[in-house]
Amino acid sequence: MKDIMPVGDQFAMMNLPYEALGGVISKETLSFHHGKHLKAYVDNLNKALPGSGLEGLSLQEVVRRAQGGLFNNAGQVLNHTLYFEQFSPTPRPMGEKMKALLERSFGSVEAFRKEFEQKGATLFGSGWVWLSADQESKLVITQQRNAENPVTDGLNPLLTFDVWEHAYYLDYQNRRADYLAALWQLVDWPTVEERL
Ligand code: MN
């Protein structure tokens with residue numbers, strides 16, 4: 001994954017690369033999720049950074065080193081940037097390399113998807129389910145609470161589904177499993193593969 005660097009002394013709000021995501025995530029959900037939730041995390045990160053001793057570092061490095069409120073806001077900016085950037089309204093299939101890595105780590109792409117959805121559905125409360133690569137390019141699925149990101153454990157995050165209720169409640173209400181199953185239709189696999 002490429003480092004996300006501050007512009008001057010501020011982290012910028014990422015631009016949403018689409019307006020709506022078909023029938024999977026509505027424009028209304030995106031306007032709140034990106035325009036309100038992510039905006040608040042970016043604003044709070046930029047307010048908390050001065051005087052923290054972590055100015056000028058990449059976002060990943062801030063997440064690795066920060067504690068408390070700064071960690072929560074930096075983590076949520078990193079998590080949402082990876083989440084929004086990995087989707088496309090038109091499907092873009094995975095390449096042979098990613099398919100081979102998934103097969104090596106999980107037996108099959110189908111087994112990976114099943115475990116990923118199951119771990120997203122069973123995470124209690126707010127958080128994220130992640131696919132990451134370890135140092136040997138072995139792929140792992142982890143459940144992370146609240147603002148956590150696998151970079152803290154030395155992993156390289158590749159793909160994530162947000163299971164905070166704000167990510168799906170307007171479109172799916174309490175049906176988190178339906179939201180997770182539908183998200184596969186949006187994954188922009190070449191973007192995920194660039195993070196390897
Ligand atoms: Mn979110």
Side-chain angles (χ1 to χ4, degrees), residues 1-22 24-90 92 120 126-132 144-152 155-172 179 182-183 185-196:
M1 184 191 27
K2 274 187 245 123
D3 279 347
I4 300 170
M5 299 305 296
V7 181
D9 56 358
Q10 302 260 290
F11 283 100
M13 179 86 174
M14 57 90 69
N15 291 316
L16 206 57
Y18 38 74
E19 273 208 334
L21 288 168
V24 178
I25 300 179
S26 67
K27 204 170 164 175
E28 189 187 21
T29 290
L30 288 170
S31 77
F32 280 100
H33 199 183
H34 177 269
K36 305 283 186 197
H37 290 278
L38 177 56
K39 176 140 193 338
Y41 296 131
V42 171
D43 290 347
N44 289 333
L45 166 62
N46 286 326
K47 266 184 251 167
L49 209 48
S52 65
L54 303 179
E55 303 92 331
L57 299 175
S58 70
L59 184 55
Q60 289 91 329
E61 209 48 45
V62 175
V63 171
R64 284 190 198 103
R65 299 185 193 194
Q67 305 284 329
L70 180 56
F71 171 81
N72 287 335
N73 287 290
Q76 286 294 74
V77 174
L78 179 58
N79 297 349
H80 285 92
T81 300
L82 294 172
Y83 175 80
F84 287 125
E85 282 182 353
Q86 74 194 0
F87 293 136
S88 166
T90 48
R92 298 182 75 207
S126 296
W128 303 77
V129 58
W130 291 90
L131 174 71
S132 303
Q144 313 272 173
R145 294 186 187 289
N146 301 319
E148 290 171 1
N149 185 296
V151 292
T152 309
L155 296 168
N156 180 20
L158 304 176
L159 173 78
T160 189
F161 287 178
D162 185 348
V163 298
W164 285 58
E165 283 186 346
H166 68 223
Y168 60 88
Y169 217 80
L170 293 174
D171 297 328
Y172 296 86
Y179 153 77
L183 283 182
Q185 296 171 53
L186 306 175
V187 177
D188 181 342
W189 282 103
T191 296
V192 172
E193 287 158 16
E194 281 168 22
R195 296 172 181 168
L196 272 167

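Computed over heavy atoms, backbone and side chain alike; hydrogens, waters and symmetry mates excluded. Since this is a predicted model, take the numbers as computed values, not measurements.
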Determine whether a donor-acceptor pair (N or O, by modelled atom type, separation under 3.5 Å) exists between the side chain of Tyr168 and the backbone of Ile25. no

Determine whether Glu85 and Arg195 make a side-chain contact, defined as any pair of heavy atoms from C-beta on separated by less than 4.5 Å. yes

List the atom of Leu78, the atom of Val151, and the distance in Å for their closest heavy-atom pair. CD2-CG2, 4.2 Å

From CG (Leu82) to CH2 (Trp130), nearest 0.5 Å: 5.0 Å

Under 3.5 Å donor-acceptor, Ser88 side chain and Leu186 backbone: no

Do the side chain of Asp3 and the main chain of Gln60 share a donor and acceptor less than 3.5 angstrom apart? no

Answer yes or no: is there a side-chain heavy-atom contact under 4.5 Å between Leu59 and Leu45? yes

Inter-residue atom distance Asp9.CG - Leu49.CG, 0.5 Å rounding: 8.0 Å

Mind running side chain to side chain contact (heavy atoms under 4.5 Å, CB included) on Phe161 and Leu131 for me, showing each step along the way? CA-CA 9 Å; Phe161 287 178; Leu131 174 71; over 6 Å; no

Where do Ala48 and Leu70 come nearest, in terms of heavy atoms and distance? CB-CD1, 3.8 Å

Between the main-chain N or O of Gln10 and the side-chain N or O of Asn46, is there a donor-acceptor pair closer than 3.5 Å? no

When rounded to the nearest 0.5 Å, the distance separating CG of Leu155 from CD of Gln144 is 8.0 Å

Rounded distance [0.5 Å steps], CG in Leu16 versus NE2 in His80: 11.5 Å

What is the ring orientation for Tyr41 with His166, classed by angle as parallel under 30°, tilted 30 to 60°, or perpendicular over 60°? tilted

Counting distance only, does the side-chain N/O of Glu61 pair as donor-acceptor with the main-chain N or O of Ser58 below 3.5 Å? no

For Asn149, does its backbone N or O pair with a side-chain atom of Asn79 as donor and acceptor, under 3.5 Å? no

Please work out whether the ring planes of Trp128 and Tyr83 are parallel, tilted or perpendicular, with thresholds of 30° and 60°. perpendicular

Sequence neighbours left out, what pairs pass salt bridge (Lys or Arg N to Asp or Glu O under 4.0 Å) with at least one residue falling in residues 46-60? none

Nearest 0.5 Å, please: how far is NE2 in His33 from CZ in Phe84? 4.5 Å

Check: Ser132 and Asn156 side chains under 4.5 Å, non-hydrogen atoms: no

If you count every heavy atom of other residues, nucleotides or ligands that lies below 6.0 Å from Tyr18 atom OH, does the total exceed 12? yes

Rounded to the nearest 0.5 angstrom, the CG-NZ distance for Leu38 and Lys36 is 12.5 Å

Evaluate the side chain to side chain contact (heavy atoms under 4.5 Å, CB included) criterion for residues Thr191 and Arg92: first the C-alpha distance (whole Å), next the side-chain angles of each, then the deciding distance (0.1 Å), finally the verdict. CA-CA 9 Å; Thr191 296; Arg92 298 182 75 207; 4.1 Å; yes

If you compare all heavy atoms of Met5 against all heavy atoms of Phe11, which two are closest, and at what distance to 0.1 Å? C-CE2, 3.7 Å

In short, Val62 meets Leu54 closest at the heavy-atom pair CG2-O, 3.9 Å

Of all the heavy-atom pairs spanning Asn15 and His34, show the shortest one and how long it is. C-NE2, 4.2 Å

Looking only at heavy atoms, what is the nearest atom pair of Ala12 and Val7, with distance? CB-CG2, 4.3 Å

